[in-house]
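Encoded as structure tokens, the structure appears first; notes follow it.
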Amino acid sequence: MTDFLRACAADDVAKGAALAVELEGTPLVLVHTDDDGFYAAYDECSHAAVALSEGEVDGCTLECWLHGSRFDLRTGEPSGLPATEPVPVYPVEIRDGDVYVSLTPSNGVTR
């Protein structure tokens, strides 16, 4: 599947913030970084079943609020314990002020 689906308006995701959305039954976290990048990842920490959308954004990383694992939004890779497994990350496009996401993980990680 390579089709992009509309997730929300770009203005719905504040800079430096994360937003939980669901596309075709897949929970996603959308992040708008301070450098105006948009990223999408699976909205569940690979260490514990908690929503990453409730965590804090720092540059191109998202920190899990429960145990502090940080994930690179470009690769899905954790940068510290306790998480050791990556989370799926998804391609994002901005079109006419809207955020579109492909549900085919760009890093090959599936959940």
Side-chain angles (χ1 to χ4, degrees):
M1 176 191 330
T2 58
D3 292 334
F4 282 77
L5 304 169
R6 183 186 179 282
C8 66
D11 289 343
D12 290 344
V13 191
K15 272 191 181 183
L19 176 70
V21 298
E22 187 173 305
L23 291 178
E24 294 188 353
T26 302
L28 300 174
V29 55
L30 301 178
V31 175
H32 184 180
T33 58
D34 287 330
D35 66 356
D36 253 350
F38 283 84
Y39 298 91
Y42 192 78
D43 193 14
E44 185 177 280
C45 180
S46 62
H47 168 256
V50 298
L52 289 175
S53 57
E54 296 178 22
E56 291 194 29
V57 176
D58 182 19
C60 280
T61 64
L62 182 59
E63 182 177 345
C64 177
W65 64 270
L66 186 59
H67 295 117
S69 291
R70 297 166 81 66
F71 295 91
D72 187 312
L73 293 164
R74 297 163 294 198
T75 65
E77 292 293 326
S79 60
L81 296 174
T84 58
E85 297 296 320
V87 294
V89 291
Y90 304 90
V92 175
E93 292 181 358
I94 305 302
R95 298 184 204 153
D96 298 321
D98 290 329
V99 179
Y100 286 81
V101 179
S102 168
L103 293 181
T104 301
S106 57
N107 62 349
V109 176
T110 59
R111 295 292 279 178

**Study point:** Any donor-acceptor N/O pair, D43 side chain to P27 backbone, under 3.5 Å
**Key:** no
Review point. Which heavy atom of A18 sits nearest a heavy atom of S53, and at what distance?
Key: CB-O, 3.8 Å
Practice item. Indicate yes or no for a side-chain donor-acceptor contact from D72 to the backbone of E77 under 3.5 Å, with no hydrogens or angles considered. Key: no
Exercise for review: Measure the shortest side-chain to side-chain distance between L73 and T61 over non-hydrogen atoms and say whether it is less than 4.5 angstrom.
Suggested key: no
Exercise for review: For S46 and E85, indicate whether the former's side chain and the latter's backbone hold a donor-acceptor pair under 3.5 Å.
Suggested key: yes
Review point. Nearest 0.5 Å, what's the OH-CZ distance between Y42 and R111?
Key: 6.0 Å
Point to revise | Joint hydrophobic cluster, Y39 plus I94, side-chain heavy atoms closer than 4.5 Å | key: no
Study note, to complete from the structure: Taken to the nearest 0.5 Å, the spacing of H32 NE2 from D12 CG works out to 12.0 Å
Point to revise | From OG1 (T110) to CG (L103), nearest 0.5 Å | key: 13.0 Å
Practice item. Treating Ile, Leu, Val, Met, Phe, Trp and Tyr as nodes and any side-chain heavy-atom pair under 4.5 angstrom as an edge, say whether L52 and V31 lie in one connected cluster. Key: yes
Check your understanding: So how far is it from E93 CD to D98 CG, rounded to the nearest 0.5 Å?
Key -> 12.0 Å
Exercise for review: Kindly give the heavy-atom pair with the smallest separation between V89 and R74, and that separation in Å.
Suggested key: CG2-O, 3.8 Å
Point to revise | Atom CD of E56: over 12 foreign heavy atoms under 6.0 Å | key: no
Practice item. Return yes when atom CG of D35 has more than 12 non-hydrogen atoms of other residues, nucleotides or ligands closer than 6.0 Å, and no otherwise. Key: yes
Review point. Of L5, L23, T26, N107, which is the lone residue that meets side chain to side chain contact (heavy atoms under 4.5 Å, CB included) with Y90?
Key: T26
Exercise for review: Is it possible for you to say whether V92 and L28 belong to one hydrophobic cluster, with membership spreading through side-chain heavy-atom contacts below 4.5 Å?
Suggested key: yes
Check your understanding: Quick one: CH2 on W65 to SG on C45, what's the gap to the nearest 0.5 Å?
Key -> 10.5 Å
Review point. Under 30°, 30 to 60°, or over 60°: which ring-plane class applies to H67 and H47, parallel, tilted or perpendicular?
Key: perpendicular
Exercise for review: For residues C8 and L19, report the shortest heavy-atom separation together with the two atoms involved.
Suggested key: SG-CD2, 4.1 Å
Exercise for review: Compare every heavy atom of S69 with every heavy atom of G80, then report the nearest pair and how far apart it is.
Suggested key: O-OG, 3.7 Å
Study note, to complete from the structure: Rounded to the nearest 0.5 Å, the CG atom of L30 sits from the CZ atom of F38 at a distance of 8.5 Å
Review point. What pair of heavy atoms forms the shortest contact from A40 to V101, and how long is it?
Key: CB-CG1, 4.0 Å
Practice item. Give the minimum heavy-atom separation between D36 and K15, together with the two atoms involved. Key: OD1-CE, 2.9 Å
